[in-house]
Amino acid sequence: MAREMMFGEAIATAIMEEMQRDSDVVFYGQNMAMTERDPYVKKFGHDRVRLTPISETAELGIAVGAAMMGLRPIVELYMAEFMLVAFDEVVNEAPRLRYMSGGQVKVPCVFKAGFGFAAGWAGQHSNCIYHMIMGIPGLKVAIPSTSADAKGLMKSAIRDNNPVVYLHHYMLSLDKGEVPDGDHLVPFGVADVKRAGTDVTIVATAWMVKKSLAAAELLAKDGISVEVVDPRTLAPLDTKTIIESVKKTGRLVLVDQAPRHASAAIIIAGEVAEHAFPYLKAPVKLVTALDTSVPYSETMERYVLPDEDKIAQAVKSVMAAKTAKA
Amino acid sequence: MAREMMFGEAIATAIMEEMQRDSDVVFYGQNMAMTERDPYVKKFGHDRVRLTPISETAELGIAVGAAMMGLRPIVELYMAEFMLVAFDEVVNEAPRLRYMSGGQVKVPCVFKAGFGFAAGWAGQHSNCIYHMIMGIPGLKVAIPSTSADAKGLMKSAIRDNNPVVYLHHYMLSLDKGEVPDGDHLVPFGVADVKRAGTDVTIVATAWMVKKSLAAAELLAKDGISVEVVDPRTLAPLDTKTIIESVKKTGRLVLVDQAPRHASAAIIIAGEVAEHAFPYLKAPVKLVTALDTSVPYSETMERYVLPDEDKIAQAVKSVMAAKTAKA
Amino acid sequence: MQAPGKDRQVWIYNHMVRIREFEERVKRTFVDHPGVIRGHAHLADGAEASIVGALATRREDDLVVPTYRCHGYPLVLGTSPRGVMAEIYQRRDGICKGFGGSMHLADPAHHFPGASGIVGQSIAHAAGAAYAAQVKKTGQVVYSFFGDGSSKQGAFYETLNLAAVWKLPVVFILENNFYQAYTHISLEDANFAAGDPLSQKAKAFSIPGVTVDGTDPLKVYEAVGTAVERARAGQGPSLIESQFYRLSPHGNAITVPPVPTQFQEHEAIEVYGRKAEFQAAKANDPIPKFRAALIQQGALSDASAKKIEDAAQAEIEDAVQFALASPLPAPEDALKYVWA
Amino acid sequence: MQAPGKDRQVWIYNHMVRIREFEERVKRTFVDHPGVIRGHAHLADGAEASIVGALATRREDDLVVPTYRCHGYPLVLGTSPRGVMAEIYQRRDGICKGFGGSMHLADPAHHFPGASGIVGQSIAHAAGAAYAAQVKKTGQVVYSFFGDGSSKQGAFYETLNLAAVWKLPVVFILENNFYQAYTHISLEDANFAAGDPLSQKAKAFSIPGVTVDGTDPLKVYEAVGTAVERARAGQGPSLIESQFYRLSPHGNAITVPPVPTQFQEHEAIEVYGRKAEFQAAKANDPIPKFRAALIQQGALSDASAKKIEDAAQAEIEDAVQFALASPLPAPEDALKYVWA
Ligand SMILES: Cc1ncc(C[n+]2csc(CCOP(=O)(O)OP(=O)(O)O)c2C)c(N)n1
Ligand SMILES: Cc1ncc(C[n+]2csc(CCOP(=O)(O)OP(=O)(O)O)c2C)c(N)n1
Ligand SMILES: [Mg+2]
Ligand SMILES: [Mg+2]
């Protein structure tokens, strides 16, 4: 059975179901659980559902300590960039404590954060930070693009025995999609082909999947068949599915909302350069944000960020570069 | 005129000279300037040279505020990972405030930090964090590998009108090299060919330059001519020089002390995949740390990190992959 | 610091009225011109007495470092409301040329180096500006404004300790409006929960800590003035807790475009259903209160008050029209100002 | 909490002696077996009365979360010195199998979840463990140990506020040894610089704050015991400032391999040239002091004291030999334990 849900609703459903299933799951963060009317508080009480002050270091550190003692905390962070004031906990505590203890402890916790607020939130709230954390051994990163994946990845994140940063894109919050009922689990490290195609592979995550699918639609009218691959988790990264797709199409465009050297796209391009080089008929092409912070004004913000047209143009350019090899 | 100096000494010399030259340069951090005997205190007094508590957020934030008001603060951070407790200042304040103000302010400051303590410092002190910051628009990253570059890049960093993260490798601290006297400035964004060669290009930074040069020496005995390119700054990144070298050699090995997806190497590989694809005779090859945290024991630490042998082997493998193109 | 004379009190009233008028027009923009303001905008209505009372103690080159809730201060510092409104409206003639928006105003020419949208960080920036003043011996004092919620962020504590050890010329003004976004302070501050004032946090740094009625500009003036004198004399920072009520909700509702955004009801009502609390705050509005006081002591007549109010209305209406008429930035402008 | 009986006092003395012996052997290792200990090792000599006095108040399932200076605590909790020494010696039989080393010990089976090398972070981890105890209603109390220097890190303040608001069962023990690495506390703590105790920081969170002589295990026992009872009763955290002197320098000197590393002179002498301060601290060594007190009150005879000391020596000698004999980890083991 499945039901149509908004992206944000799908995440909430996953948390609700997992809290119901496992009493070790706790959920806290700023500006939540303020009153008895809060749906989580109503169902699970104030021990398991709590409000925190604006103290990200304490919030994340408490999650780490609680996880070591057997809870499975989910920390609501609203905006991924707020993790930066507490980044040591994300990068240097949660993923390292198990290793440093020689496997004696585990740190199962979920840091849930919105990102990519491309709606006038300007320089400090609109960025993408996944490139910073997708290579930290011991840390997983989930980044859904559909309601179904949003639910399934959140459930997997909560059940995972490792720390997980779960990133949900603000601009997708109200998007609707079919979501399987009940125990719908999306495994980590398994990319999803969101659209099959034969001429060019696009790899994209989150909002950029939506934009890439729109571009693919445009390109189909020009007779170009685009395959859109969504890794769904950046750590672990399903390089295999990406390479399989490149083997088939021979062409690769990577789309990312972040600037070039702060993108997942360029990291994936590096993987492809090492492991799929023989299959490429043309150089890979990156479509990323320009190398600026995100400006406030809509005219400039649009100019900086990737969109359907820029993606479509990039696809056409790799199609044109037929025999680019030396 | 030039004189032999240890790497650490070269950095200190640069700071001394710049403080002498420009009274707006101030220098502070933990566990420094403790007594009147401190050489910086002696020369420049306690206004310009200060000790701080273990308060990285305040330390970096004060640098940002002071820089906005016309000082040029250098913050001594000892270990790059200590920036993580204050990462918002590095990523989301220092490089963004100018942009958000529409160019009204500038934020000239230097965050000076050792890194890569591959000497039993274990999981939380031995890492490389440059991959996190080399793509942040508005932020520069210097990473010298020789005494001369250490001095020249520090001087450029101090004179730069943008925030700079200056990373010096712990394992190089005592290495000696010729350093030009006086106003020796190494420009940002200009890679240096540390060894010329014709068969394979190696791109590496900091300690890995030393190891790559050692590997090149070994390989020369086998008749393989290796070119070693040191970007010297990761932001801006001199992609041009790297591509020129790849054009010449047709083969590229990227060496990095960090794990794969947390490396500068893979980002550079991505650039090459887009811009130097036609010149490659073989897939690029990455030599990075294994995907673990850094373990304490020497046996395991060595196993995890890149070394001369691993580099040499990688070079041989790209030499073997002669006609890998499809 | 000497109490402000009658003229200065009228000056204070004038700026309070200007800020209120400005914020009300910003709020109305969401209704009158949907889409013109993007992202998140935070208003200062309710804070006027605290802002202007504090800034009335300034020497003309003293610096001001507020948070993302930063429309009010520049209006007192001499920034044209045109430039501020145009910035909030994403225009090329905005003081930040459309790069910053409501949360990230800056006007260094008028002693406002810039605002950060990340809670707590501006407190450290303020201390940095104070360090620059100390090293350069300019005699400037820095006014650091931040919220009650921000005082739970590590940056706050670290900075106050360091400022105390270095005896920096900075005054920390904790604007306690009893809410951090949707959260009432009783749920998140240990001092408040125990019935203690937030100014007690000063004890952790052995600096003076004072709590003051932030709806009375003269009380704020006195407390901040004392702290400023101390700071200027090289005796280091103080912490002033200024208590007042934010009369609008935290900011415009957070929605995903193209869903339109507007201001909802105040959280006291919207979240907690506490109408009486909100009504009491409205009844204690600092502006009519100060107006009445000035009239009572003869500093102001009804007519002169009306003149001030009319002038403010005209000035801000002009700012709105200016901002609406200003062009949007050229897309390619986005590439400017990344590097200095 | 009731004062400890004579047997318990002897128990305290025994553990104090064991810790001292252990740390002295670690220190000697740098001379006897250069290269066997890598990275940075931090000793607890001088802290024994504080550590054991505090831990003597434990219920057997209470948790302990120290910092990177963490050799002493597990020895009291029941961890074998063999495993601790072997870990410091990078061996396969170390409690962390050679993955963690001196700064990152962990023995969850003995109620020590693990240590962090990053200043301040473990304070939040301790609160997290306390949150788990609170949710699971285990009745456990968490002992959070950290240094005077750490109390300047944002994590400290944020955590104490949150722990107070949530009334977490945790006791915060600020080990004030007057130095953070090479820095004397007078240069970096605003309370100390003003002549106030560091326990005054508790006022920022409206929780009890007590300063105690950390060279007297019974005084520590009393203060911590009271705080533990309060925490267990659901009344929330307390801050105990335990003052004692670290008798060794911060850690082994930081050198780049292959330059050998050793312990230098204490910073009081090395950096500040304050010999008298260091001599006074030596004269106030908690171990002979407590030994004399126990003998004076008849809890201990010279002979029984000697027996304790000999036993400790033998036990730690055994640990050294065990550790030296243990093999180094296989290189490929490094790939284990990345993922759970
Ligand atoms: C580090 C960080 N965490 C969370 C936020 C989200 N946030 C923005 S404003 C705000 C409330 C701040 O409240 P307060 O400090 O009381 O100031 P007020 O808005 O009441 O003036 C929060 C939580 C943020 N910007 N930065
Ligand atoms: C965030 C951070 N900054 C700096 C350091 C380096 N460091 C390690 S121990 C230490 C001193 C800590 O002093 P204190 O808290 O007094 O504890 P003690 O060593 O005296 O027991 C410092 C500065 C660190 N580990 N983490
Ligand atoms: Mg507030
Ligand atoms: Mg100490």
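No hydrogens, no waters, no symmetry mates; every other heavy atom, side chains included, goes into these values. First the proteins, then the strands, lettered A, B, ... as listed; each starts at 1.
Nearest heavy atom pair, residue B/A282 against residue A/F277, reads C-CE2, 3.8 Å. The shortest heavy-atom contact between B/A273 and A/P283 is O-CB, 3.7 Å. Contact detail for A/G135 and B/A262: the closest heavy-atom pair is O-CB, 3.5 Å.
Atom CD1 of residue B/I268 and atom CD1 of residue A/I266 lie 9.0 Å apart, to the nearest 0.5 angstrom. Rounding to the nearest 0.5 Å gives a distance of 6.5 Å between CG of B/D88 and CD of A/Q124. In this structure, B/M132 CE and A/F87 CZ are separated by 5.0 Å, a value rounded to the nearest 0.5 Å.
For B/V272, no part lies under 4.5 angstrom from a heavy atom of chain A. For A/T57, no part lies under 4.5 angstrom from a heavy atom of chain B. Interface residue B/L237: only side-chain heavy atoms are found under 4.5 Å from chain A. Heavy-atom distances place no part of A/Y296 under 4.5 Å from chain B, backbone and side chain included. For a residue to count as touching a neighbouring chain, one of its non-hydrogen atoms must lie under 4.5 Å from one of that chain's; by this rule A/V91 touches chain B with the side chain only. Residue B/H125 does not touch chain A at all, counting heavy-atom pairs closer than 4.5 Å. If you measure heavy-atom distances from A/V90 to chain B, you find no contacts under 4.5 Å at all. In this structure, no portion of A/E89 lies under 4.5 Å from any heavy atom of chain B.
Ranked by non-hydrogen atom pairs under 4.5 Å with chain A, the options B/P137, B/G102, B/A122 are led by B/P137. Taking B/G123, B/P95, B/A258 one by one and counting their heavy-atom pairs under 4.5 Å with chain A, the maximum is reached by B/G123. Counting heavy-atom pairs under 4.5 Å between each of A/L254, A/V85, A/V294, A/I267 and chain B puts A/I267 at the top. With chain B as the partner, the residue from A/T292, A/D291, A/L252 showing the most heavy-atom pairs under 4.5 Å is A/T292. Your options are A/H275, A/H131, A/M134, and the one with the most heavy-atom pairs under 4.5 Å with chain B is A/H131.
The side-chain heavy atoms of A/N92 and B/N127, taken from C-beta on, include a pair separated by under 4.5 Å.
More than 12 heavy atoms of other residues, nucleotides or ligands lie within 6.0 Å of CD in B/E244, so this atom counts as buried by the packing criterion.
For the pair A/E274 and B/R260, the salt-bridge criterion is met [side-chain N within less than 4.0 Å of a carboxylate O].
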